[in-house]
Amino acid sequence: LVPVVRDVDKKSVRQLAADLTSIAERARARKLDSSELTGGTFTLTNLGGIGSTGFTPIVNWPEVAILGLSRGRLEPVWKNGAFVPRLMVPLSLSFDHRVIDGAAAGRFTRRVADLLEVDLKRQGRLDVHIPLFPPQDAGVAALSKRVKDGFDPKGVLNPGRMWAGV
């Protein structure tokens, strides 16, 4: 089941958390209305809670993309002449190439990772890095800019709406 949270661009983070809690409880109890399972354009999935260290999420048709988060783990990173612990949280974006250019998708994923890193650092967490999974080069590192610049071929993708409040 992939329940749909609507109007995320109009909700605070607290309201989104409340909506997610409510819809998740109804999904577990198998009490969702069919209207709560249709109309999505983008899925966010997290397998970190069950120990996943990396996976390739599959796009839920007719949506155009899915972003998967895996379990974070502390890893030693060489920084300023010494190894320091750094929390690594893998992200993986799968998307429909008929709608989204690969380079745009890569830049979008990097932008999401940057926003998450800044937010976690601001909260005083350990030094954080969000690696892309599988590793992507700079050429595949772009969706946010294209959408920001007005690229939204069928009005189905709006990362500003997906990440409101981040």
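With values rounded to the nearest 0.5 angstrom, Arg86 atom CZ is found 10.5 Å from Glu75 atom CD. Residue Ile66 holds its CD1 atom at 13.0 Å from CG of Asp96, rounded to the nearest 0.5 Å. Note that the NZ atom of Lys11 and the CZ atom of Arg6 stand 9.5 Å from one another [nearest 0.5 Å]. Taking NZ from Lys10 and CG from Leu16, the interatomic distance works out to 12.5 Å, rounded to the nearest 0.5 Å.
One hydrophobic cluster holds both Leu91 and Leu44 under the rule that ILVMFWY side chains link at heavy-atom gaps under 4.5 Å. By the criterion of side-chain heavy atoms lying less than 4.5 angstrom apart, applied directly or through intervening Ile, Leu, Val, Met, Phe, Trp or Tyr residues, Phe108 is grouped together with Ile100 in one hydrophobic cluster. Under the 4.5 Å side-chain heavy-atom criterion for ILVMFWY residues, no single connected hydrophobic cluster contains both Leu93 and Ile58. Both Phe42 and Val64 are part of a single hydrophobic cluster, where members link through side-chain heavy atoms under 4.5 Å apart.
Across every non-hydrogen atom of Gly72 and Leu87, the tightest pair is C-CD1, 3.9 Å. Counting all heavy atoms, side chain and backbone alike, Glu63 lies closest to Val2 at OE2-CG1, 4.5 Å. Scanning all heavy atoms of the two residues, the minimum distance from Pro90 to Arg71 falls at CD-O, 3.6 Å. For the pair Lys79 and Val84, the tightest heavy-atom approach, listed with the atom from each and the gap, is CB-CG2, 3.8 Å. Thr45 and Pro57 get closest at one heavy-atom pair: CG2-CB, 4.3 Å. The minimum heavy-atom distance between Val4 and Gly40, with the atom names listed, is CG2-N, 3.8 Å.
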Verify side-chain contact (heavy atoms from CB on, under 4.5 Å) between Leu32 and Ile23, making sure each step is shown before the conclusion. CA-CA 8 Å; Leu32 289 174; Ile23 205 163; 3.6 Å; yes
Hey, mind stepping through Phe55 and Ser70 against side-chain contact (heavy atoms from CB on, under 4.5 Å) and telling me if it holds? CA-CA 7 Å; Phe55 65 103; Ser70 296; 3.4 Å; yes
One pair to check against side-chain contact (heavy atoms from CB on, under 4.5 Å): Val89 and Leu116. What are the steps and the verdict? CA-CA 10 Å; Val89 181; Leu116 291 171; over 6 Å; no
Between Leu69 and Leu47, does a side-chain contact (heavy atoms from CB on, under 4.5 Å) hold up when you go through it step by step? CA-CA 6 Å; Leu69 288 87; Leu47 294 182; over 6 Å; no
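Between the Thr109 side chain and the Ala105 main chain, a donor and an acceptor come within less than 3.5 Å of each other. Gln15 places no side-chain N or O within 3.5 Å of a backbone atom of Ser12 that could act as its donor or acceptor partner.
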